[in-house]
Structure formats: C-alpha cells, structure tokens
Number of protein chains: 2
Amino acid sequence: MLTSDEQNTAQRARTDLAKDQRRMSLLMAALDEFFEKGFSAARMQDIAKRVHLSKGTLYLYFDSKQALFKALIEEVALPTLTTTLQQSIGDQPAPAALKALMQNVTRVIRHSPLPRIVKVIIADGKAFPDLVSFYRTQVLDRVFTLIDSLLQKGVQQGHWYCLDTALSARLVVAPILFSVIWRMVFEADEYGLPDQQAKLDLDALLQLHTNNLLLILATKPELGSQPEAHHV
Amino acid sequence: MLTSDEQNTAQRARTDLAKDQRRMSLLMAALDEFFEKGFSAARMQDIAKRVHLSKGTLYLYFDSKQALFKALIEEVALPTLTTTLQQSIGDQPAPAALKALMQNVTRVIRHSPLPRIVKVIIADGKAFPDLVSFYRTQVLDRVFTLIDSLLQKGVQQGHWYCLDTALSARLVVAPILFSVIWRMVFEADEYGLPDQQAKLDLDALLQLHTNNLLLILATKPELGSQPEAHHV
DNA sequence: ATTAAATAACTAACCGGTCAGTTATTTAAA
DNA sequence: TTTAAATAACTGACCGGTTAGTTATTTAAT
C-alpha cells in the first residue's frame, strides 16, 4: 500500500557525508522560512517539512532555533563569501578588476543564498547582536577591505584618483545593497511575478554604476572646487 | 500615597484632539517595538506599556496588530514623505536643488521615523504584500519620480547630461538606502553606542556621493566609448 | 449620577522543545 | 546466505509557556 514516497518515515542519513548533506538541506530550508516569515514567525515544523522530515529530526541536527540562525551565518554566509572573494582577486589592472568584480556580484546576487541571508540579518539581527558583529567583521569588512585595496591599487597604478578609498568603497557597495534589497522586498514574492512595475534591471543598473565609477575615478579632483563651504 | 504619576489608571483622552494624540503616541510606540523586535515578536502589551497604557486600551484605538502595521505606513510614513517632498521642490537651478535635496535627506535620516519604518517594511513586509505595494507606489515611486524630474530638468537647463534618468534616479537613492540600513542594523543598538568601528560618517558619505553625482552629470558621455560590447 | 475611557482577568490558540516509541539499516552469528 | 539482535535515525504526541484578542468591571471626568 505504501510506496517509498508515501511512507511516513524518511530514508536515514547514516554516513557522515549524508548527515552533512542533511544538515545543509535543513539549513537552506531554515533560510527559506526565515526569509519568508522572519525568524520569530518561522515554525520549526515547517522548516523540517520542507525537506520531508519531522520536527524531532530537526532537533537531532540543531539544538535550537537560534542555533539555526547562527549556523546560517557561520556555515553558509561566511563560506559563500570566502569563495566569492577568492574568485575576485586576480592580478588584472584595476579598472578591469573592478569590471570583473561587478560581474561576479551580479552572479552572486542572482544565484547565491547571500542576498536572502542579508535580508534575514537586516530583519532579525537585533535579536542576535553578537552574530551581527561577527557578520560585520567577517563578511562586510572583508568586502570593504577588498574594494578599498582595489581602489588603492588603481591609484598606485596611475589609473585613478581617489582621496578617500574607505569611504568610496561604501559608495561602490551601495547600489549592490540597493539591488539586493529591492529584489528581496519587491520581487521575491513566491512565484507569481510581482507587480510588473516593480521589476529592476539588475544588469543595466550595475553596468551604469560601474561606468559612473570608472568615470569618477578617472577624473582628477580639483581641490577646493566646491563653491559652497563644506565641513571636512 | 499615590502621586498622579503612580496611579494605576491613566488620564483619559476625552477630546478628539487628545484621542488623536493618544493614537499617534501608540503608533510611535508600535514603531519602536516593531523596529526592535520585528512584527511577530513584538508584544501588544509592550507597545501599550511604552505609553503607560494597558493592552486593552490599545485595542480601543486599533482593531488588531496588523492594523497597527497598516496605520504606520498610511498615517506616519506617507504624511512624513509628503511633507518632505513638498520641502524639496523649489525652483532653484538643478545642481543647487540636488544639493538641497541631499541636505533634506540627511535631516530625514537623522530625525524622522522614516528610516525605522523602512527597516520594518524590509523586515516584515512579506506578511503584508498589499501594504508593500502601497508603500512602493505611494512612497518610493514618488521619490524616484521627483529625482527623475530633477535630473530631466538639469538636462533641459543645460547643466547636465543623463541618458537614463529613471535608472540614474535609483543610483541617486542607493547610498541613501545604504546609510539608512547601516544605521538601523549596526548603529541603533539601544543606547550603548555599538562597536566604535561600526560608525558611519553620514555627512561625509552623502557629501562625497553628491559631489560624484555632480561630476558624472556634468560630463558629456562619449557614446560607444566602452571597449567591451554591452547589451543595452 | 452618568458616561465612556481604561483596566486586568480571562480564553483559546499557537509553538519551541522533549522524549517514549517506531523502524530502517547494519552487522555479527548461525 | 540467512537471520535476528543491535543500533541510531526518525517520528509525533505532549507539555508548558506565551500572547493576540475579549470582556466584565473599575474609575476618571463632567
């Protein structure tokens, strides 16, 4: 009467590999639920159901709901970023490296779990101040440092002018965050495309951003050129 | 034995004015709680407690928790934005208008409830798709339209070059959203300033952003100047 | 004294976490 | 090769705490 699909106990994960895979699948299920409902409203039972397991089994792999949140940052966000950063350090000239970086970014935005994790951290980070600190130092600061170095390299190579590379790195990142937020808030409404109006052309936006950056960086700043006084 | 502060039933709001004020104070309390804990984890009792009222009284002013969320957008976010936009349409020349707009923005970021509402919408909007739509059309689209118009005006006045004003409007907004998110996530940890490292210099960032924009817009684009092919 | 604003006790539903029991899988002995 | 004992992955009913929403009662204000 029961086919293997319908039976009410799942196939077991016996080997260490199978357990690691199961743990990871539960983590991705948790990410989906946290992303859709928020940490507090997400139900442990629903997370387990997503991978056809019971709530009890979920507790064999994670001690608590909080442990899921922590593992998401330490075991998904951090490794994903590390991989991405490694792919983004070549020894090309700085302008080419910037373009390549932006190409990488669009891929990460479209195909990695990082944007959803970013949304979850923004949404529910207040309940986990230690993890937010960890995320800032181990994820964000490494991104800023990479871009800062790239800008400095461009200046040293004589391609660019940049008076404040640390601040400029923030401006490099800003449209990336904008795109991420926009997609996560307005475009990720489970599989009916949202409003037609709400669509954001990711490629065009980041292309324009990149061109703008290259233009700004290539321009020698005229010191004291602002007509108004400013307080720096 | 009881001073008027300590008595266990609050002063009554009898006039329409007093009721409106009480309603608004409850809304701001709800915003504080939603911002700190998220919609789901925020407790109705805590919202009421913030303004020294009981949960029952809160239900005299709002039908449900969801009604609080809705009212936040319709009765706080929308009016705040409308006021801000009205202050931002002068008939100065476009470059001056852009600078003035950015000045307004820093004030709104620092002193209005909008940044906290933005965070709440990002965090919990998925539970209120209709309100998110409303917010996008009635708040965001009006911001984009204003900037778009400003850019077009600058082009018409001969100050600027801009091939895609709609897309560029997004890039004008991006660092503003970046600042808002950064402050809401990393700097708003109730009254112990957070990590010293986490501090973002809002004025410097938006100043640099504004200067970059003015430079880009003042530069005549060389058509077909990109060495690589691109798909626009 | 009358009115209605405010209260607090109450209800019912929900959910994180637990654990006694079930069963798929392995493995040692026949 | 067969078998059944041992193992541990998995299950889901249950418990206790929590909280949105309701209502009977109290009380401030006129």
Side-chain angles (χ1 to χ4, degrees), chain A residues 1-26 29-30 33-34 36-72 124 127-128, chain B residues 1-26 29-30 33-34 36-72 124 127-128:
Chain A
M1 202 81 228
L2 289 180
T3 74
S4 62
D5 286 25
E6 291 160 348
Q7 67 192 11
N8 54 3
T9 69
Q11 206 176 79
R12 273 112 207 260
R14 313 279 309 190
T15 69
D16 281 359
L17 175 64
K19 284 193 214 177
D20 283 354
Q21 288 172 339
R22 179 143 291 182
R23 185 183 165 88
M24 186 53 64
S25 73
L26 284 165
E33 289 292 320
F34 290 168
E36 291 291 339
K37 314 265 182 65
F39 178 80
S40 177
R43 296 162 69 243
M44 293 298 270
Q45 179 156 189
D46 292 343
I47 293 170
K49 276 275 166 59
R50 281 202 179 236
V51 288
H52 308 293
L53 291 172
S54 68
K55 186 167 61 155
T57 304
L58 175 50
Y59 277 92
L60 297 175
Y61 289 86
F62 297 93
D63 288 344
S64 65
K65 206 181 184 183
Q66 283 86 340
L68 277 170
F69 194 98
K70 187 176 184 204
L72 263 182
D124 297 305
F128 305 90
Chain B
M1 199 85 230
L2 288 180
T3 74
S4 63
D5 287 25
E6 289 162 348
Q7 70 191 11
N8 53 5
T9 69
Q11 207 176 80
R12 273 113 211 264
R14 309 204 48 114
T15 69
D16 282 357
L17 176 63
K19 285 189 207 176
D20 283 354
Q21 289 172 339
R22 183 144 289 183
R23 185 184 165 87
M24 188 52 65
S25 73
L26 284 165
E33 289 292 321
F34 290 168
E36 292 291 340
K37 315 264 182 65
F39 178 80
S40 176
R43 295 163 68 244
M44 294 298 270
Q45 178 152 193
D46 293 343
I47 294 170
K49 276 274 166 61
R50 279 200 180 239
V51 287
H52 308 293
L53 292 172
S54 69
K55 185 170 63 156
T57 304
L58 176 50
Y59 277 93
L60 297 177
Y61 290 86
F62 297 93
D63 287 345
S64 65
K65 206 180 184 184
Q66 282 86 340
L68 278 169
F69 194 97
K70 187 177 183 200
L72 263 182
D124 296 306
F128 305 90

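It should be emphasised that the depicted structure is a prediction, and the values quoted were computed from it without experimental measurement. First the proteins, then the strands, lettered A, B, ... as listed; each starts at 1.
Side chain B/Arg14 to base D/dT30: no donor-acceptor pair is found below 3.5 Å. Between the base of D/dA20 and the side chain of B/Lys55 there is a donor-acceptor pair shorter than 3.5 Å.
Atom CG of residue B/Asp124 and atom CD of residue B/Gln66 lie 11.0 Å apart, to the nearest 0.5 angstrom.
Of all nucleotides listed (D/dA20, D/dG12, C/dT7), C/dT7 comes nearest to the side chain of B/Ala10. With C/dT7, C/dG17, C/dT25 as the candidates, the nucleotide lying closest to the side chain of A/Gln11 is C/dT25. Comparing atom distances between the A/Leu60 side chain and each of C/dA5, D/dA9, D/dA20 picks out D/dA9 as nearest. Comparing C/dG16, D/dA9, D/dA29 by their nearest atom to the side chain of B/Arg12 picks out D/dA29.
The main-chain N or O of B/Tyr61 is never found under 3.5 Å from a side-chain atom of B/Lys19 such that the two would form a donor-acceptor pair. Remark: side-chain polar atoms of B/Lys55 are not paired, donor with acceptor, to backbone N or O of B/Arg43 under 3.5 angstrom.
One atom, CD of A/Gln45, and another, P of C/dG17, lie 14 Å apart when rounded to the nearest Å. Across the protein-nucleic acid pair, A/Ile47 atom CD1 and D/dT11 atom P stand 15 Å apart, rounded to whole Å. If you measure from atom CG of B/Leu58 to atom C1' of D/dT19, you get 13 Å, rounded to the nearest angstrom. Here D/dT19 presents its P atom at 11 Å from CD of B/Glu33, a figure rounded to the nearest Å. Residue A/Phe39 contributes atom CZ, which lies 14 Å from atom P of C/dC15 at whole-angstrom precision. Put simply, CE on A/Met44 is 19 Å from P on C/dC14, counting in whole angstrom units.
At least one test fails for B/Lys70 against the ring of B/Phe128: distance under 6.0 Å to the centre or angle within 45° of the axis.
Taking the nucleotide of DNA chain D with the nearest heavy atom to each of B/Lys65 and A/Lys19, the more 5' of the two is matched to A/Lys19.
By the 6.0 Å contact criterion, CG on A/Asp63 is open, its count of non-hydrogen atoms from other residues, nucleotides or ligands being 12 or less.
Within the structure, a side-chain polar atom (N or O) of A/Thr57 is placed less than 4.0 Å from OP1 or OP2 of D/dT11.
Nucleic acid contact for B/Ala42: sugar-phosphate only, since backbone atoms but no base atoms lie under 4.0 Å from a heavy atom of the residue. Among the atoms of the strands shown, none is found under 4.0 Å from any heavy atom of A/Phe62.
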